[in-house]
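Here is the structure we will look at.
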Protein chains: 2
Amino acid sequence: MRRLPTSPGLDERGLQRALERLREVVRARGLKNSSVREIIARAALTYEGHFSIDDLVRGLRGDALVDAHPATVYRVLPLLVEAGLIEATLVSSKAGSRYERCFEREHHDHLVCTKCGTVVEFCFEAIEVLQRDLAERFGFELTGHVHELFGTCRPCKQSDKASGGATHGRAPSR
Amino acid sequence: MRRLPTSPGLDERGLQRALERLREVVRARGLKNSSVREIIARAALTYEGHFSIDDLVRGLRGDALVDAHPATVYRVLPLLVEAGLIEATLVSSKAGSRYERCFEREHHDHLVCTKCGTVVEFCFEAIEVLQRDLAERFGFELTGHVHELFGTCRPCKQSDKASGGATHGRAPSR
DNA sequence: TGACATAATGAAAACGACTTTCAACTTCAG
DNA sequence: CTGAAGTTGAAAGTCGTTTTCATTATGTCA
């Protein structure tokens, strides 16, 4: 099992490859290119870590030159998912969808501290293998999975014991 | 790995034990007993398989003698979860939460056919062990997990190949 | 290059799953 | 039995997301 760094956001070269991929999908679906869509794609693909639609809109609004309407972001994100550029995650999804880049990134799952919101991204090949075995055993062709582990991280466990509830640092994101 | 039968709904004796457990939680939280709450608990605990809040309300409304308001169901279900009687599942959760009984039932995860909605409930101890290892390795105390596999079941795969899209039977539940 | 068909966009309304508010009704300890 | 406090249904409110519609942008074909 390995811990992966939290998504660092695509650099300019990777971004160009991603946008090219997006254009392929757009073409294949008989859609038209649009600059707003690429602005949204750029924001999503260069975002560091997990993001909500709101994060993206705020980020876009913060940039004085561009300004994408939330409804448009809602329209574009599924296309980015379809293009295999980003994917939905459960992480802290109490309210609203969350996404992260998956383009040019290794598959991984999440271990989440429910006290402070810390997220460990891990890759555990042994579990992946067992999942495939299991699906095969039941005659399923596997297309995806959700695997998220919840618990209490060591610092939270300790500060819980010490102070009876106070967290050691940042609060859960939602 | 083992396949489990889909939740068959509690019999009268099990139901009584569950309601007793509920009363414990109610007492512990300084709440009062209520017949409506027990009617809802009864409906949830005897429900066969996965259910949505809407399923429950409809079921309750169908019964001429009792009639629980949706808002009340929304209030009661979290209490049943807290009492360890039911738990939330992801299964086909495109719209709205879904639950299933977990009281006096073995832990299991889900393998879901995204074409026809078939759900295989499985218990795979090897994966559970690896999950615990992983959490420990990162210093987490594990409190829960979500593990759901998505794919295409054999019948769907075959009718896909044969007819180019038609399903072999029941449609996805949502 | 200009014109047309069609997709994309923003704004606002609609939607749907919940949650909250509040007045009337239970429950239960004293 | 009585009062304090929890519970309920009904209706209104919240919030993420989707849809509608008029306007704007894109791309193709003369």
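Naming: A, B, ... by sequence-line order, numbering from 1 per chain. Please read all numbers here as calculations on a predicted model, not as lab measurements.
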Could you go step by step and tell me if A/H110 and A/E100 meet the side chain to side chain donor-acceptor pair (under 3.5 Å) rule?
CA-CA 12 Å; A/H110 299 102; A/E100 70 180 321; 3.0 Å; yes
Check whether the side chain of B/R75 and the base of D/dG6 form a donor-acceptor pair under 3.5 Å.
no
Side chain to side chain, B/F122 and B/L149, heavy atoms closer than 4.5 Å
yes
Rounded off to whole Å, could you give me the CD1-to-C1' distance for the A/I39 and C/dG10 pair?
14 Å
Atom-pair distance (NE2 on A/H69; P on C/dA7), nearest Å
22 Å
Within the pair A/T72 and C/dG10, is there a side-chain N or O less than 4.0 Å away from OP1 or OP2?
yes
Members sharing A/L4's hydrophobic cluster (side chains within less than 4.5 Å):
none
Taking for each residue the nucleotide of DNA chain D with the nearest heavy atom, is it B/A71 or A/P70 whose nucleotide lies nearer the 5' end?
B/A71
Can you measure from NZ (B/K157) to CZ (A/F140) and round to the nearest 0.5 angstrom?
9.0 Å
Atom CD1 of B/I40 and atom P of D/dT7: how far apart are they, to the nearest Å?
12 Å
D/dG6 P sits how many Å from B/L22 CG, rounded?
17 Å
Going by number, which of residues 26-38 of chain A have a non-hydrogen atom under 4.0 Å from DNA chain C?
A/G30, A/L31, A/K32, A/S34, A/V36, A/R37
Reckon A/Y74 has a side-chain N or O less than 4.0 Å from the OP1 or OP2 of D/dT17?
yes
Check the angle between the aromatic planes of A/F51 and A/Y47 and answer parallel, tilted or perpendicular using the 30° and 60° thresholds.
tilted
D/dT18 P sits how many Å from A/L79 CG, rounded?
14 Å
Residue-phosphate contact under 4.0 Å: A/S97 side-chain N/O, D/dG16 OP1/OP2
no
Do you see a donor-acceptor pair shorter than 3.5 Å between the side chains of B/H145 and B/Q131?
yes
Following the transitive rule for hydrophobic clusters with a side-chain heavy-atom cut-off under 4.5 Å over Ile, Leu, Val, Met, Phe, Trp and Tyr, establish whether A/V81 and A/V73 coincide in one cluster.
yes
Find the distance B/R98:CZ to C/dC18:C1' and express it as a whole number of Å.
16 Å
Expressed in angstrom and rounded to an integer, what is the separation of A/D54 atom CG from D/dG16 atom P?
7 Å
